[in-house]
Amino acid sequence: MTDTQMPRTAIDDGEPRHWLEVGVIPYLSTPPDISPASLPTHVAPQTSGPWNGRTPTLDQPAASPELVDWAVVASLRSRASAQLTAAVSADRGELSPEEREELGRAIVLDLIEQTVAEDSTAGRPAWSFGRQRATATAVFDALFRLGRFQPLVDDDRVENIMVTGHDQVRLELIDGTKVLGPPVADSDEELIEFLSFLGSRAQHGARGFSEAQPSLHLQLDGGARLAATAWVLPRPFIVIRRHRLLDISLDDLVAGGTLSPVAASFLTAAIAARKSIVVSGAQGAGKTTLVRALCAQIPVSEEIGTFETERELHLDQLPGREQSVHSWEARPGAGERTADGSQAGEYTLDDALHDSFRFNLSRQIVGEVRGKEIWTMLKAMESGTGSISTTHASDAVAAIRKLVTCAMEAGRHVSHDLATGKLAAAVDLIVHLDLENYIDAHSTPQRRRRVAEIVAVTPGESMTGYATTHVFAPSAEGVAVPHTLPDEYRALARHGFDLAGYLNQAEQPGRRAVV
């Protein structure tokens, strides 16, 4: 390894030193300061009401936007990537992720030092300390993090980042407010190139992003998820969904008003009784958060397998779950498809579930169902493991129709009767979440997520092929309240279900549900 490839160390001999000479970048190991006063590209939420098509008012930052030349950052990132790849190859790829980042820090330092010297020799303006620091952060973020997306992802006020082209950025805040954000690239071409770079360095198998593969789905550090599409739209379209509530329980959701204590006791008992549950709702309704809370009711002693196209649940990162949760992630293939439709190197959710039956798992949890994942979900539920999945739907009954459609998309051999029969036999409960955006009495945007329905599903002889019973139905206010309890669910009382509380509330005239 050459001198320029060796990580530098600080030397404390009492003499004042420039940070580049010392060679330590402590701020690169922690989230950067992204307050409006410190970050030139940061924005603050508008205070006059929700974003409704008008351009929101942005805070005017104190820092100068000229601190970072993004063309320079792109060039340095490319050079740093080439040097890092060469260094890792020389070490036969034996460096750990931490060692790679330390090496990357050293390379970034050297490149900035060289650039500063080159500019000085050419008679260009000297780099200020602030510009060196900001550029180093930007290059490191581009190399190991999310580039110009990183400050936005690090802002705890931002829930979703929506990008249409490099310069049309909208930030959806946790209260539902939408504000405009800074550009995330200097051109659409540069944005696509960076997304391709992100896909190529995916932790568990590179994911292509090209005209032949116009969509990209990635799990990001910290629990966020990136979805991108280009070429089939007029401009690249990217959405980053942030999941902040990883370690959460049903009690936490009760405290936050998402569901009642009685509903929480019912779901806790359903988990203990190994009922198979589908959580439905609109995009952003909190489905993944509710699944995490449901999984928190599973005893730590149980061995759990999760199966996702892109990891979002992150149950293996929860305290005490590191050894008992085993997270499978599908892997896309490459090259032409074979006669059976697969690609070389492809590893599907069905493959993962098939393998998992040899690992002595107590539960198999399939994440989001958008299409063909339905068959993996059904296999997991048919094995009697008390599985949990999510799907997008407008209400609980619509979720069943959606899943039937997904199953029938597998081919002509899947009839409506077959699909409904399997679903009715495998799914025990549908839990539907409602998302409401509203303005409170103080003209402040608010967002409310609530469990609106809990529906029991059984095989039926009607034309639909299934029967549904609203165990909890939405009240006039839209929150789930007791309605009709099938006799077999009375047995959940031995698992902690507050049966007396349920029956008491169901008989109160003022709490009648609306079906």
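For the atom pair NE2 (His470) and CG (Leu485), the distance works out to 14.0 Å, reported to the nearest 0.5 Å. Taking CH2 of Trp231 as the start and CD of Gln213 as the end, the distance is 9.5 Å to the nearest 0.5 Å. A distance of 7.5 Å separates CG in Leu171 from CE in Met162, rounded to the nearest 0.5 Å. Rounded to the nearest 0.5 angstrom, Ile277 CD1 and Ser389 OG are separated by 10.5 Å. Put simply, CG on Leu349 and CZ on Arg331 are 13.0 Å apart, with the number rounded to the nearest 0.5 Å. One distance of note links CD1 of Ile248 with CG of Leu290; it measures 9.0 Å at 0.5 Å rounding.
Between the side chains of His392 and Gln283, no donor N or O sits under 3.5 Å from an acceptor N or O.
Minimum heavy-atom separation, Arg148 to Pro151: O-CD, 3.6 Å. Considering every non-hydrogen atom in both Leu218 and Glu310, the closest pair reads N-CG, 4.0 Å. Across every non-hydrogen atom of Ser327 and Thr306, the tightest pair is CA-OG1, 3.3 Å. Shortest non-hydrogen contact noted between Met377 and Val369 is SD-CG2, 3.8 Å. Minimum interatomic distance between Val414 and Leu418 (heavy atoms only, all atoms of both residues): CA-CD2, 4.1 Å. Across Ala393 and Ala398, no two heavy atoms sit closer than the pair CB-C, 4.1 Å.
Looking at heavy atoms from C-beta onward, Ile304 lies out of side-chain contact with Asp316 at the 4.5 angstrom threshold. Side-chain contact between Arg450 and Leu259: absent, with no pair of heavy atoms (C-beta onward) separated by less than 4.5 Å. Leu220 places a side-chain heavy atom less than 4.5 Å from the side chain of Ile240. Between Val471 and Thr484 there is no side-chain heavy-atom pair separated by less than 4.5 Å. For the pair Cys406/Arg370, no side-chain contact is recorded, criterion being any heavy-atom separation below 4.5 Å from C-beta on. Counting only heavy atoms from C-beta outward, the side chains of Ser260 and Val481 never approach each other to under 4.5 Å. No side-chain heavy atom of Leu403 sits less than 4.5 Å from a side-chain heavy atom of Leu378. Side-chain atoms of Ile365 and Cys295, non-hydrogen and from C-beta on, do get closer than 4.5 Å to each other.
Arg448 pairs by the salt bridge (Lys or Arg N to Asp or Glu O under 4.0 Å) definition with Glu436, not counting sequence neighbours. Remark: Glu373 engages no residue in a salt bridge (Lys or Arg N to Asp or Glu O under 4.0 Å) (not counting sequence neighbours). Residues passing the ring-ring contact (aromatic ring centres under 6.0 Å, His included) test with Phe194: none are found, sequence neighbours excluded. Partners of Ser280 by side-chain hydrogen bond (donor to acceptor under 3.5 Å, both in side chains), not counting sequence neighbours, listed by chain and number: His432. Contacts of Phe357 classified as ring-ring contact (aromatic ring centres under 6.0 Å, His included), with partners at least two apart in sequence or in another chain: none. Listed by chain and residue number, Phe472, Phe497 satisfy the ring-ring contact (aromatic ring centres under 6.0 Å, His included) test with Tyr502 (two or more places apart in sequence, or in another chain). Looking at residues two or more places apart in sequence or on another chain, you find a ring-ring contact (aromatic ring centres under 6.0 Å, His included) between Trp328 and Phe307, Phe359. Residues passing the salt bridge (Lys or Arg N to Asp or Glu O under 4.0 Å) test with Asp251: none are found, sequence neighbours excluded. Taking the salt bridge (Lys or Arg N to Asp or Glu O under 4.0 Å) definition, one finds that Arg363 meets it with Glu302, sequence neighbours left out.
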Under 3.5 Å, which donor-acceptor pairs do the side chains of residues 262-275 form with other protein atoms, sequence neighbours left out?
{"unit_1": "Ser265", "atom_1": "OG", "unit_2": "Val262", "atom_2": "O", "d": "2.7"}
{"unit_1": "Ser265", "atom_1": "OG", "unit_2": "Asp498", "atom_2": "N", "d": "3.1"}
{"unit_1": "Thr268", "atom_1": "OG1", "unit_2": "Ala264", "atom_2": "O", "d": "2.9"}
{"unit_1": "Arg274", "atom_1": "NH2", "unit_2": "Ser362", "atom_2": "O", "d": "2.4"}
{"unit_1": "Arg274", "atom_1": "NH2", "unit_2": "Ser362", "atom_2": "OG", "d": "3.3"}
{"unit_1": "Arg274", "atom_1": "NH2", "unit_2": "Thr385", "atom_2": "O", "d": "3.3"}

Are Leu216 and Arg207 close enough, and set up right, to give a side-chain contact (heavy atoms from CB on, under 4.5 Å), and what steps lead you there? CA-CA 7 Å; Leu216 176 68; Arg207 297 181 178 237; 3.8 Å; yes
Determine, stepwise, if the pair Glu329 / Glu308 fulfils side-chain contact (heavy atoms from CB on, under 4.5 Å). CA-CA 5 Å; Glu329 183 180 45; Glu308 301 175 273; 5.7 Å; no
Apply salt bridge (Lys or Arg N to Asp or Glu O under 4.0 Å) to the pair Arg241 and Glu368, showing each step before the final yes or no. CA-CA 14 Å; Arg241 291 284 313 279; Glu368 185 180 33; over 6 Å; no
Could you check Leu429 against Val455 for side-chain contact (heavy atoms from CB on, under 4.5 Å), going step by step and ending with a plain yes or no? CA-CA 6 Å; Leu429 296 169; Val455 171; over 6 Å; no
Could you walk me through whether Leu313 and Thr288 pass the side-chain contact (heavy atoms from CB on, under 4.5 Å) check? CA-CA 7 Å; Leu313 292 174; Thr288 302; 3.9 Å; yes
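A donor-acceptor pair under 3.5 Å is absent between the side-chain atoms of Arg449 and the main chain of Gly257, judged by distance alone. No donor-acceptor pair under 3.5 Å is formed between the side chain of Thr164 and the backbone N or O of Gln168. No side-chain donor-acceptor contact under 3.5 Å links Lys287 to the backbone of Val278. Under a 3.5 Å cut-off, the side chain of Glu322 and the backbone N or O of Gly320 do form a donor-acceptor pair. The backbone N or O of Ile192 lies less than 3.5 Å from a partner atom in the side chain of Ser196, making a donor-acceptor pair.
Among residues at least two apart or in separate chains, side chain to side chain donor-acceptor pair (under 3.5 Å) pairs with a member in residues 351-360 are Tyr347-Asp355, Thr348-Asp351, Ser356-Gln364. Counting only residues at least two apart or on different chains, the side chain to side chain donor-acceptor pair (under 3.5 Å) pairs with a member in residues 407-428 are Glu382-Lys422.
Taking a cutoff of 4.0 Å between a charged side-chain nitrogen and a carboxylate oxygen, Glu172 and Arg447 qualify as a salt bridge. With salt bridges taken as basic N to acidic carboxylate O contacts below 4.0 Å, none links Asp247 and Arg292.
Summarising the local packing, CZ of Arg494 is surrounded by 12 or fewer heavy atoms from other residues, nucleotides or ligands at distances under 6.0 Å.
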